[in-house]
Protein chains: 2
Amino acid sequence: MPRVTHQPPDQGPGQAPTLDEVARLAGVSRATASRAINGGNRVSQSAQTAVAEAVRTLGYSPNPAARSLVTRRTDSVALVVPEPDERVFSDPFFVHTLRAVNRVLAARDLQLVLLLARPEDESRMLRYLGERHIDGAIVVSHHQNDRLAEHLAALGLPCAFVGRPWTGEDRVAYVDTDNEAGSRAATELLISRGRRVIGHVAGPDDMTAAADRRAGWRSAVTTAGLRDDLVACGDFTEIGGEEATRALLAQCEEIDGLVVASDLMAVGVVRVLEAAGRRVPDDVAVVGYDDLGVAERITPPLTTIRQPIGDMAEQAARMLLDQIDERRAPRAVRVVFPPTVVERAST
Amino acid sequence: MPRVTHQPPDQGPGQAPTLDEVARLAGVSRATASRAINGGNRVSQSAQTAVAEAVRTLGYSPNPAARSLVTRRTDSVALVVPEPDERVFSDPFFVHTLRAVNRVLAARDLQLVLLLARPEDESRMLRYLGERHIDGAIVVSHHQNDRLAEHLAALGLPCAFVGRPWTGEDRVAYVDTDNEAGSRAATELLISRGRRVIGHVAGPDDMTAAADRRAGWRSAVTTAGLRDDLVACGDFTEIGGEEATRALLAQCEEIDGLVVASDLMAVGVVRVLEAAGRRVPDDVAVVGYDDLGVAERITPPLTTIRQPIGDMAEQAARMLLDQIDERRAPRAVRVVFPPTVVERAST
DNA sequence: CAGATTGATGGAAGCGCTCTCACGCCGACA
DNA sequence: TGTCGGCGTGAGAGCGCTTCCATCAATCTG
């Protein structure tokens with residue numbers, strides 16, 4: 001049983017001061033006070049300082065509800081993550097995205113509201129978005145079934161996706177990397193190194209990035225006349241990588257190369273390979289995907305495909321701001337970044 | 001260079017429907033429509049259904065700004081984390097807290113707004129809290145210098161802290177575990193196992209949990225007449241645990257027991273110990289703190305002090321809701337949970 | 001059956017703010 | 001000296017909603 005202790009309550013300050021009181025104290029009208037507070041256009045120097053003074057002595061801060069009732073802006077933006085909490089907090093991908101987005105928004109003094117929606121909360125989240133608590137949304141790690149692109153497009157809510165949505169891709173703005181090209185390059189690198197039995201550890205079936213990377217691998221092995229049936233699905237976690245690798249090794253012992261759809265999974269892949277007595281890269285060469293720090297920290301340092309997550313997220317944030325600023329901006333902009341091969345010791 | 005493609009903009013729906021239109025369509029007054037929508041007290045069955053019908057056909061959803069302008073509630077609550085993003089996303093402590101808080105809030109249909117404030121953003125964050133965008137705040141992982149308890153108490157904003165604040169502890173509500181007792185128990189366990197040179201890997205100096213745990217260890221070793229100078233500070237991360245352990249080993253080779261202020265650090269501790277050729281627990285016994293899953297997953301499974309994070313966070317959320325519900329509720333409630341020793345293989 | 005109670009309703013006030021608009025003042029220009 | 005343009009200003013409307021209050025009909029009480 002926890003111990004509980006009480007104390008008499010604090011005396012909270014009574015009513016928050018309103019613009020009216022500020023105006024009265026400054027000896028100007030409410031209109032002038034409002035102008036002075038919002039950038040001071042068309043306000044005399046004297047009025048300006050008088051208002052500033054009044055604001056300070058009263059400890060005034062504008063009521064955001066009243067303000068947004070008339071401006072129809074809320075000055076906050078949602079980062080929508082339709083993903084169970086656990087994964088969000090273990091994948092560096094999210095941290096990088098979050099930081100980049102936050103950087104752009106903070107520069108404009110916009111507040112970031114993090115919306116984590118587990119599948120069962122999805123309707124609640126959609127309702128929240130529909131109620132216009134926020135000026136726009138950035139969507140990350142969306143899945144085939146959430147149909148977020150269509151929902152948001154239908155709401156007419158400014159939004160930008162990181163990663164191409166499955167459906168509705170012609171109705172919303174998004175940034176992406178060319179996942180198919182990246183994965184193809186990874187596979188071709190292995191082929192050029194003489195590998196001939198190349199498997200693929202794919203990501204979740206319901207994400208476009210995973211599907212595109214799988215397609216890139218398949219295209220490369222098919223073109224080279226190699227086996228194209230050595231695929232196992234992970235879930236973008238280390239554990240998922242481990243399980244997929246075990247399945248692949250059980251399916252075919254001769255595997256000498258693995259193209260893995262994320263670095264985090266590759267960590268698990270390497271662990272299982274070594275536990276199975278295969279040396280990396282001598283017996284099996286491994287290429288990851290992402291290059292967000294994990295890749296260079298593990299042993300052996302991982303050859304991987306870098307996607308510029310920070311740039312992508314920043315770009316998405318800016319695309320969102322464009323939409324918010326001028327409601328006539330083209331909605332369905334798409335920006336595709338090129339992936340880069342980063343060679344390290346695992347190939 | 002990224003590729004960029006445009007598409008003609010979507011045709012967003014014009015103006016969102018207002019309560020007025022709903023009322024007109026339902027053939028009732030705005031007042032009745034409002035009552036019908038908000039729980040339907042004192043509304044006839046026929047009016048009720050007419051309004052519901054109108055809401056559905058119009059796709060109406062109430063404007064939150066207008067609503068909170070008059071109700072003076074925003075139906076959202078902030079989770080304040082004065083911590084650089086990286087740590088938040090690597091420590092299971094946060095994930096557990098977040099989930100528990102979210103669970104309580106979701107049941108009441110309150111929205112959780114995550115406020116990550118790096119030190120340089122602190123004033124921005126305080127301003128945001130002062131502007132009453134939210135009905136209350138739950139504060140986690142606060143530090144000596146942020147003085148959040150005092151700031152929030154001064155604002156008169158309902159709030160609840162997870163972990164005792166450094167200052168202002170008599171002005172705000174908080175939950176905590178008895179960290180000193182927990183750490184003392186951990187140390188006494190080692191002593192009872194015959195360990196005689198017991199070091200402490202402490203947490204950051206500016207957090208009460210770390211200070212209390214250090215005090216608990218010191219109290220136990222002093223009482224037993226053992227050395228009390230074997231302390232090194234980590235930062236609650238694996239890396240921090242590694243560095244602290246190296247420092248301790250350099251300071252004294254005879255260490256045969258380590259009390260570590262968090263499981264995450266203990267992971268690093270064990271790693272360094274084994275790299276230095278010490279077996280756990282044969283040469284050095286190790287006790288962690290938290291028991292959030294990491295402890296049982298590592299080798300050897302970690303003896304640790306469990307704190308019921310989920311319960312604590314839930315309790316904090318409920319304390320916050322109490323304050324929000326009745327503004328006269330006692331502000332400075334405190335609830336202290338007892339820690340539990342969980343023995344595994346590391347001692 | 002008169003009077004009191006209850007329940008459903010709409011009118012209207014007002015939450016705190018922004019912004020349009022009209023007004024008065026000033027210096028500039030002819 | 002008369003007119004004009006621009007600037008600073010305040011009055012006032014109105015954003016979309018909740019809620020107080022008066023009203024009225026229906027029901028209950030003695």
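Any value given below was found using the heavy atoms of this structure, including those in side chains, with hydrogens, waters and symmetry copies removed. As the structure is a prediction and not an experimental result, all values here were calculated from the model. Sequence lines set the chain letters: A, B, ... in the order given, protein chains first and strands last, and positions in each chain run from 1.
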**Q** Would you give me the side-chain donor-acceptor pairs under 3.5 Å for residues 154-164 of chain B, sequence neighbours excluded?
**A**
from	atom 1	to	atom 2	distance (Å)
B:Arg164	NH2	B:Asp212	OD1	2.7
B:Arg164	NH2	B:Asp212	OD2	2.5

**Q** With a 4.0 Å cutoff (strictly under), does any side-chain N or O of A:Ser29 reach OP1 or OP2 of D:dG10?
**A** yes

**Q** Quick one: are A:Val51 and A:Ile37 in side-chain contact, heavy atoms under 4.5 Å?
**A** yes

**Q** Does A:Arg103 pair with A:Glu314 as a salt bridge, N-O distance under 4.0 Å?
**A** yes

**Q** Heavy atom of residues 61-70 of chain A under 4.0 Å from DNA chain C: which residues?
**A**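 Those residues whose heavy atoms fall under 4.0 Å from DNA chain C, taken from residues 61-70 of chain A in numerical order, are A:Pro62, A:Asn63, A:Ala66, A:Arg67, A:Leu69, A:Val70.
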
**Q** Taking C-beta and beyond as the side chain, do B:Thr167 and B:Glu150 meet within less than 4.5 Å on heavy atoms?
**A**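 Yes, side chains in contact.
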
**Q** Check this for me, if you would: do A:Glu21 and A:Arg24 make a salt bridge, where the nitrogen-to-carboxylate-oxygen distance has to be below 4.0 angstrom?
**A** no

**Q** Have a look at B:Arg35 and say if it touches a base, only the backbone sugar-phosphate, or nothing, with a 4.0 Å heavy-atom cut-off.
**A** base

**Q** In plain terms, say whether A:Asp75 and A:Arg108 are close enough for a salt bridge, that is, a side-chain N and a carboxylate O under 4.0 Å apart.
**A**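 Answer for the salt bridge query: no.
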
**Q** Please determine whether a side-chain nitrogen of the Lys or Arg among B:Asp311 and B:Arg318 lies less than 4.0 Å from a carboxylate oxygen of the Asp or Glu.
**A** no

**Q** Taking atom P of D:dT9 as reference, at what distance in whole Å does atom CG of A:Asn38 sit?
**A**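 Whole-Å distance recorded here is 15 Å.
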
**Q** Are the side chain of B:Asp206 and the backbone N or O of B:His143 linked by a donor-acceptor pair below 3.5 Å?
**A** no

**Q** Quick check on the helix from C:dC1-D:dG30 to C:dA30-D:dT1: what's the angle between its two end axes, five base pairs per end, to the nearest 10°?
**A** 40°

**Q** Would you say the side-chain atoms of B:Thr32 pair up with the backbone N or O of B:Val28, donor to acceptor, closer than 3.5 Å?
**A**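 Answer holds: no.
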
**Q** Please determine whether the number of non-hydrogen atoms from other residues, nucleotides or ligands lying under 6.0 Å from atom CZ of B:Arg147 exceeds 12.
**A** no

**Q** Show your working on side-chain hydrogen bond (donor to acceptor under 3.5 Å, both in side chains) between A:Arg67 and A:Asn38 and close with a plain yes or no.
**A** CA-CA 11 Å; A:Arg67 173 177 279 176; A:Asn38 297 302; 2.9 Å; yes

**Q** Can you give the first and last nucleotides of DNA chain C, 5' to 3', that have an atom under 4.0 Å from a heavy atom of chain A?
**A**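 Footprint of chain A along DNA chain C, 5' to 3': C:dG16 to C:dT20.
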
**Q** Between residues 44-54 of chain B and DNA chain C, which residues have a heavy-atom gap below 4.0 Å?
**A**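 Residues of residues 44-54 of chain B under 4.0 Å from DNA chain C: B:Ser44, B:Ala47.
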
**Q** Of B:Ala31 and B:Arg42, whose closest DNA chain C nucleotide lies nearer the 5' terminus?
**A** B:Arg42

**Q** List the residues meeting ring-ring contact (aromatic ring centres under 6.0 Å, His included) with B:Tyr128, not counting sequence neighbours, and say none if there are none.
**A**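 ring-ring contact (aromatic ring centres under 6.0 Å, His included) list for B:Tyr128, sorted by chain: B:His133.
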
**Q** Would you kindly say whether B:Ser61 and A:Glu131 are connected by a side-chain donor-acceptor distance under 3.5 Å?
**A**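 The answer is no; no qualifying pair exists.
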
**Q** If you look at every strand shown and take non-hydrogen atoms under 4.0 Å, does B:Arg30 touch a base, only sugar-phosphate, or nothing?
**A**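 Result for B:Arg30 = base.
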
